[in-house]
**Student:** 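Supplied in structure tokens, the structure appears directly below.
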Amino acid sequence: MRAAVTEIVRSALDKAVREGALKAGRLPDVIIERPKKEGFGDFSTNAAMLLAPLEKRPPRDIAAVIAAGIAEDPLVEKCEVAGPGFINIFLKNSFHLSMLGSILKKAERFGTTDAGRGRRVQIEFVSANPTGPLHIGHGRGAAVGDSLANILKAAGFDVTREYYINDAGRQVYTLGESVRLRIKEIETGEPVEFPADFYKGEYVKEIARDYLDKYNAPGRAGATPTFQEFACSAMLDRIEKDLKDFRIEFDVWYSEKSLEEKGLVNDTIEELRKRGCIYESEGALWFKSTEFGDDKDRVLIKADGERTYFASDIAYHREKVKKGFTTLVNVWGADHHGYEGRIRALLKALGHDDSALKIIFIQLVALMRNGAPVPMGKREGEFVTLRQVMDEVGVDACRFFFLMRRSDAHLDFDLELAKSQAPENPVYYVQYCHARIRSIISFAAEKGVKIPDEFDPRLLERLDQKEETGIIKHLGSFEEVVERAALNMEPHRVAFYLTELAGLFHPYYNRNRVVTDDAELTIARLLLCKAVGTVAANGLRLLGVTAPEKM
RNA sequence: GCGCCUGUAGCUCAGUAGGAUAGAGCAACUGCCUUCUAAGCAGUAGGCCGCUGGUUCGAGCCCAGCCAGGCGCGCCA
């Protein structure tokens, strides 16, 4: 929609240059915006103000020339110069009506564009350590990552979802040992003393019991996995199940352990060494990351010969780059922002442009109940799990709430609000918009009114109320919203868009009867309703939220 | 101390690439409505966009400095 208007303005500028009304100098990029005020038209441009210094003429004079050209376009109702030199463009209602027609035609495809031109994007998210269940913070990252992947796909990118499994190193070892102690506890019936850094959650006991059921059964023979292997894989199963129930599936589960097994960690260190980015000091092996903008150099191999976590991370990111993605997205908890510098340093050290890397930081979630914070014991593994929250409020509300705010802003998640079937709950407000439309359509069907697949476009001219035009205009901006959400990697824009759409539709419904004795008007309004329902469903799908038929 | 994020209406938050008189929802106040499903309507009120300076035709947005809150600054993962 905006593209069409951009074209109109551009050709008016070209024409002015051709006719000598403007100098043929460099024309600035045409910026088209949607004015906040209705009186400023459907679109406006500040092109004249940008040209003023180059033309050395008052912006309003230039605006008048351009506006005259724009006004000649058949799609344009009128074109005015306003304020310091804005050009306000008012489109003919027929333009909006044809927009509605094209939305109905595109149906579930409406909202998809080819802005990404098939460029490959990898988005790595969640990547929680398999040492405990997913908590509420992981949930937010999961919702953001998954929805962003949907949005990028809709905007024409080729998206791969990836989960990096930290199945090597100290933490999973400790998990295995924790399970071993619990098993001992069960077998001996005596309480066992647990070291401070061991995992003490209930899930460890469950895994211990599972292990005993499976491998200590009488008459069992054959190979027995290590506690570590068993515990890690059991934890991953749980995580995968939680995610699946949260409607998230990954294309790739990438194992940290496999990096080591394939010798990729060594390869990466060797490559860095060849590039002169490695040195030894105090018995440890260092990556000279400060040469590439990091705060301090980083240890890869400790004096005791152990690798650091970062050593596998450099190998992992080297593999990502080798796969040929044009964009790498990492969704991290805000507590990881200190890692950005070293990863960027690595990419630069390997000779790559680090601007391909985009890191999205997810701020913490504060759970609230009726406006008061829910106390979250951080110690002893007593955190609120994603499972608890999605079981309590439902997946739809949970996902929507995670996506209602910018990722880098703190989120107050009110459990009671999320559950309530009340207008102040934005999830129900939006979903109900869809359900209500389905209900209207089936009511019409009962009355024998069917929505035709093909119709005379002139029928839509009955949609002549300002409110109706307003809804159509909002529908028309959906593609731009998806595109912007994709390019800026801000899924919350879609959630806001949907809340606004519902906020336009509900009042319209309240004031206007759709199914009436006026057959033409009924069809026209049904078509409008259908379009709203389609866009609501398309938007909700991007968020991973269902669009119910009934509520 | 250094780095990152945040600071916008009573509350929770939007604010498009620097544009015009800064918006929404909730809460509050006034008056209505009860429907194709109740999640509504009309109106009112509410603001030093953390503070100070700068950049320019124009700043909530960009720059510098301060203030406040959160997070991070290991040969931890």
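If you're wondering where the values come from, they're calculated on a predicted model, not measured in any experiment. All chains are named by letter (A, B, ...) in the order of the sequence lines, taking the proteins before the strands, and each is independently numbered beginning at 1. Note: hydrogens, waters and symmetry copies are ignored here, and every other heavy atom, side chains too, is used.
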**Student:** OP1 or OP2 of C75(B) less than 4.0 angstrom from a side-chain nitrogen or oxygen of Arg307(A), does that happen here?
**Tutor:**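 So the side-chain polar atoms of Arg307(A) never come under 4.0 Å of the phosphate oxygens OP1 or OP2 of C75(B).
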**Student:** Would you please classify the geometry between the Tyr316(A) ring and the Tyr254(A) ring as parallel, tilted or perpendicular, with 30° and 60° separating the classes?
**Tutor:**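 Taking Tyr316(A) first and then Tyr254(A), their aromatic rings sit tilted (interplane angle of 30° to 60°).
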**Student:** Looking for any heavy atom pair under 4.0 Å, which part of the strands does Asp414(A) touch: base, sugar-phosphate only, or nothing?
**Tutor:**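 Counting heavy atoms under 4.0 Å across all strands, no contact is made by Asp414(A).
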**Student:** Can you label the angle between the Tyr497(A) ring and the His474(A) ring as parallel, tilted or perpendicular, going by 30° and 60°?
**Tutor:**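 Judged by the thresholds at 30° and 60°, the geometry between Tyr497(A) and His474(A) is parallel.
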**Student:** The side chain of Arg511(A) lies closest to which of these nucleotides: C36(B), A20(B), C41(B)?
**Tutor:**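 The listed nucleotide nearest to Arg511(A)'s side chain is C41(B).
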**Student:** In this structure, how many angstroms lie between the P atom of G19(B) and the CD1 atom of Ile89(A), rounded?
**Tutor:**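 Nearest whole value for this atom pair: 17 Å.
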**Student:** By the 4.0 Å heavy-atom rule, please label Phe310(A) as base, sugar-phosphate, or nothing.
**Tutor:**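 Nothing: the residue Phe310(A), judged by heavy atoms under 4.0 Å, touches no strand.
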**Student:** Identify whether any heavy atom of Met404(A) sits under 4.0 Å from a base atom; if not, whether one sits that close to sugar-phosphate; answer base, sugar-phosphate or nothing.
**Tutor:**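 Touches nothing.
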**Student:** Starting at atom CD1 of Ile451(A), determine the distance to atom C1' of C36(B), rounded to an integer number of angstrom.
**Tutor:**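 Answer to the nearest Å: 13 Å.
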**Student:** Suppose we screen for side-chain hydrogen bond (donor to acceptor under 3.5 Å, both in side chains). Which residues come up paired with Ser312(A), at least two apart in sequence or across chains?
**Tutor:**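 Only Glu256(A) meet the side-chain hydrogen bond (donor to acceptor under 3.5 Å, both in side chains) criterion with Ser312(A).
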**Student:** Report the nucleotide, chosen from A14(B), U16(B), C36(B), that has the shortest atom-to-atom distance to any side-chain atom of His492(A).
**Tutor:**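 That would be A14(B).
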**Student:** Whole angstrom is fine here: how far is it from CZ in Arg60(A) over to P in G19(B)?
**Tutor:**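 After rounding, the reported distance stands at 19 Å.
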**Student:** Looking only at side-chain atoms of Ala284(A), point me to the closest of U12(B), C36(B), C75(B).
**Tutor:**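 For Ala284(A), the side-chain atoms sit closest to C75(B).
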**Student:** Need one value for Ser477(A): base, sugar-phosphate or nothing, where a base atom within 4.0 Å counts as base even if backbone is also close, heavy atoms only.
**Tutor:**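 Since no nucleic acid heavy atom lies under 4.0 Å of Ser477(A), the category is nothing.
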**Student:** Does the Lys NZ or Arg CZ of Lys348(A) fall within the cation-pi geometry relative to Phe292(A) - under 6.0 Å from the ring centre and within 45° of the axis?
**Tutor:**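 The answer is no; the distance or angle limit is not met.
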**Student:** Using Watson-Crick or G-U wobble pairs with both distances under 3.5 Å, give me RNA chain B in dot-bracket, 5' to 3', with [ ] for crossers and | for pairs to another strand.
**Tutor:** (((((((..((((.....[...)))).(((((.......))))).....(((((..]....))))))))))))....
**Student:** Answer yes or no for this row: Phe86(A) ring on A20(B) base, centroids under 5.5 Å, planes under 30°.
**Tutor:**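 Aromatic stack with A20(B) present for Phe86(A).
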**Student:** Report yes or no: is there a donor-acceptor pair, N or O only, under 3.5 Å between the side chain of His336(A) and the base of G72(B)?
**Tutor:**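 Looking at the base of G72(B), it does not pair with any donor or acceptor on the side chain of His336(A) (distance under 3.5 Å).
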**Student:** What's the closest nucleotide to the Asp412(A) side chain, out of U37(B), A20(B), U12(B)?
**Tutor:**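 Given the options U37(B), A20(B), U12(B), the side chain of Asp412(A) is closest to U12(B).
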**Student:** Side chains of Tyr508(A) and Glu468(A): do they bring a donor and an acceptor to under 3.5 Å?
**Tutor:**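 Side chains of Tyr508(A) and Glu468(A): pair found under 3.5 Å.
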**Student:** With hydrogens left out and only the distance checked, is there a donor-acceptor pair under 3.5 Å joining Asp335(A)'s side chain and the base of G72(B)?
**Tutor:**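 No, the side chain and the base share no sub-3.5 Å donor-acceptor pair.
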**Student:** Within the structure shown, what part of the strands sits under 4.0 Å from His337(A) by heavy-atom distance: base, sugar-phosphate, or nothing?
**Tutor:**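 Base: the residue His337(A), judged by heavy atoms under 4.0 Å, touches a nucleobase.
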**Student:** Students often get this wrong, so: under 4.0 angstrom with heavy atoms, is Asp294(A) touching a base, only sugar-phosphate, or nothing?
**Tutor:**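 Counting heavy atoms under 4.0 Å across all strands, no contact is made by Asp294(A).
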**Student:** At 4.0 Å (heavy atoms only), tell me whether Ala334(A) reaches a base, stays on the sugar-phosphate, or touches nothing.
**Tutor:**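 Here Ala334(A) touches the backbone only, sparing every base.
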**Student:** Assign Ala168(A) to base, sugar-phosphate, or nothing according to its heavy-atom contacts below 4.0 angstrom with the strands shown.
**Tutor:**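 If one applies the 4.0 Å heavy-atom cut-off, Ala168(A) turns out to touch the sugar-phosphate alone, with no base involved.
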**Student:** Would you give a per-nucleotide map of nucleotides 23-34 of chain B, 5' to 3', where B means the base has a protein non-hydrogen atom under 4.0 Å away, S means only the sugar-phosphate does, and - means neither?
**Tutor:** S--S--------
**Student:** What is the distance from CG of Asn510(A) to P of C41(B), rounded to the nearest Å?
**Tutor:**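 Spelled out: CG on Asn510(A) to P on C41(B) is 6 Å.
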**Student:** G74(B) phosphate, OP1 or OP2: any side-chain N/O from Lys302(A) under 4.0 angstrom?
**Tutor:**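 For G74(B), neither OP1 nor OP2 has a side-chain N or O of Lys302(A) closer than 4.0 Å.
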**Student:** Over 60° means perpendicular and under 30° means parallel, so tell me whether Phe496(A) and His492(A) are parallel, tilted or perpendicular.
**Tutor:**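 Perpendicular, since the angle between the ring planes exceeds 60°.
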**Student:** Just compare C36(B), G74(B), G19(B) and give me whichever is closest to any side-chain atom of Met49(A).
**Tutor:**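 Shortest atom-to-atom distance from the side chain points to G19(B).
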**Student:** Figure out the CG/C1' separation between Leu411(A) and C5(B), and round it to whole Å.
**Tutor:**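 My rounded result for the distance is 15 Å.
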**Student:** Using a distance-only test with no angle check, is there a side-chain donor-acceptor pair under 3.5 angstrom linking His317(A) and Asn330(A)?
**Tutor:**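 A donor-acceptor contact under 3.5 Å links the two side chains.
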**Student:** How many whole angstroms separate atom CD1 of Ile360(A) from atom P of C5(B)?
**Tutor:**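 The answer, rounded to whole Å, is 14 Å.
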**Student:** Could you measure between the two P atoms, the one in G25(B) and the one in G72(B), and give it in whole Å?
**Tutor:**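 About 37 Å, rounded to a whole number of Å.
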**Student:** Any chance you could lay out the salt bridge (Lys or Arg N to Asp or Glu O under 4.0 Å) test for Glu162(A) and Lys320(A), step after step, and finish with the verdict?
**Tutor:** CA-CA 10 Å; Glu162(A) 186 156 322; Lys320(A) 284 190 181 186; over 6 Å; no
**Student:** For Gln431(A) and Phe400(A), what are the C-alpha separation, side-chain angles and deciding distance, and is it a side chain to side chain contact (heavy atoms under 4.5 Å, CB included)?
**Tutor:** CA-CA 11 Å; Gln431(A) 287 186 313; Phe400(A) 196 93; over 6 Å; no
**Student:** For a quick check under 3.5 Å, do Asp167(A) and Gln228(A) share a side-chain donor-acceptor pair by atom type?
**Tutor:**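 Side chains of Asp167(A) and Gln228(A): no pair found under 3.5 Å.
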**Student:** Verify side chain to side chain donor-acceptor pair (under 3.5 Å) between Thr268(A) and Arg318(A), making sure each step is shown before the conclusion.
**Tutor:** CA-CA 7 Å; Thr268(A) 310; Arg318(A) 179 167 167 261; 3.2 Å; yes
**Student:** Regarding Thr308(A), tell me which of base, sugar-phosphate or nothing describes its non-hydrogen contacts under 4.0 Å with the strands shown.
**Tutor:**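 It contacts sugar-phosphate atoms only.
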**Student:** Using the side-chain heavy atoms of Lys296(A), tell me which of these nucleotides is nearest: C75(B), G74(B), G19(B).
**Tutor:**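 Ranking C75(B), G74(B), G19(B) by closest atom to the Lys296(A) side chain puts G74(B) first.
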**Student:** Starting at atom CG of Asp304(A), determine the distance to atom P of C76(B), rounded to an integer number of angstrom.
**Tutor:**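 From Asp304(A) CG to C76(B) P: 7 Å.
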**Student:** Please classify the nucleic acid contact of Glu480(A) as base, sugar-phosphate, or nothing, using heavy-atom distances under 4.0 Å.
**Tutor:**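 Answer is nothing: Glu480(A) stays at 4.0 Å or more from every strand.
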**Student:** Whole Å only: how far is the NZ atom of Lys56(A) from the P atom of C57(B)?
**Tutor:**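 Roughly 14 Å, once rounded to whole Å.
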**Student:** Nearest heavy atom decides the nucleotide; on that basis, is Glu256(A) or His506(A) closer to the 5' end of RNA chain B?
**Tutor:**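 The 5'-side residue here is His506(A).
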**Student:** Side chain of Arg513(A) only, please: which of G19(B), U37(B), C36(B) is the nearest?
**Tutor:**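 Given the options G19(B), U37(B), C36(B), the side chain of Arg513(A) is closest to C36(B).
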**Student:** Base, sugar-phosphate or nothing for Ala82(A)? Non-hydrogen atoms, less than 4.0 Å.
**Tutor:**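 Result for Ala82(A) = base.
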**Student:** Decide yes or no, distance alone: a donor-acceptor N/O pair under 3.5 angstrom between the base of A20(B) and the side-chain of Asn88(A).
**Tutor:**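 Side chain to base: pair present.
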**Student:** Scan Ala435(A) against the nucleic acid and name what it touches under 4.0 Å (heavy atoms): base, sugar-phosphate only, or nothing.
**Tutor:**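 The answer is base, as Ala435(A) lies within the cut-off (heavy atoms under 4.0 Å) of a base atom.
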**Student:** So among Arg405(A), His135(A), His410(A), Arg140(A), which one has a side chain to side chain contact (heavy atoms under 4.5 Å, CB included) with Val365(A)?
**Tutor:**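 Exactly one candidate clears the test, Arg140(A).
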**Student:** Look at the side chain of Arg405(A) and decide which nucleotide, out of U12(B), U16(B), C36(B), has an atom nearest to it.
**Tutor:**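 For Arg405(A), the side-chain atoms sit closest to U12(B).
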**Student:** Which residue, Trp286(A) or Ala409(A), contacts RNA chain B at a nucleotide closer to its 5' end, judged by nearest heavy atom?
**Tutor:**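 Per heavy-atom nearest nucleotide, the more 5' residue is Ala409(A).
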**Student:** Select base, sugar-phosphate, or nothing to describe what Arg170(A) touches, counting heavy atoms under 4.0 Å on all strands.
**Tutor:**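 The answer is sugar-phosphate, as Arg170(A) gets under 4.0 Å only of primed atoms, P, OP1 or OP2.
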**Student:** So, is Arg406(A) near the phosphate of A14(B), with a side-chain N or O under 4.0 Å from OP1 or OP2?
**Tutor:**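 Yes, within the criterion.
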**Student:** Parallel, tilted or perpendicular: which describes the rings of Phe198(A) and Phe194(A), with under 30° parallel and over 60° perpendicular?
**Tutor:**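 Perpendicular.
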**Student:** From C75(B), C41(B), C5(B), pick the nucleotide closest to the side chain of Gln363(A)?
**Tutor:**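 For Gln363(A), the side-chain atoms sit closest to C5(B).
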**Student:** Would you indicate what Tyr428(A) reaches in the nucleic acid, counting non-hydrogen atoms under 4.0 angstrom: base, sugar-phosphate, or nothing?
**Tutor:**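 Since no nucleic acid heavy atom lies under 4.0 Å of Tyr428(A), the category is nothing.
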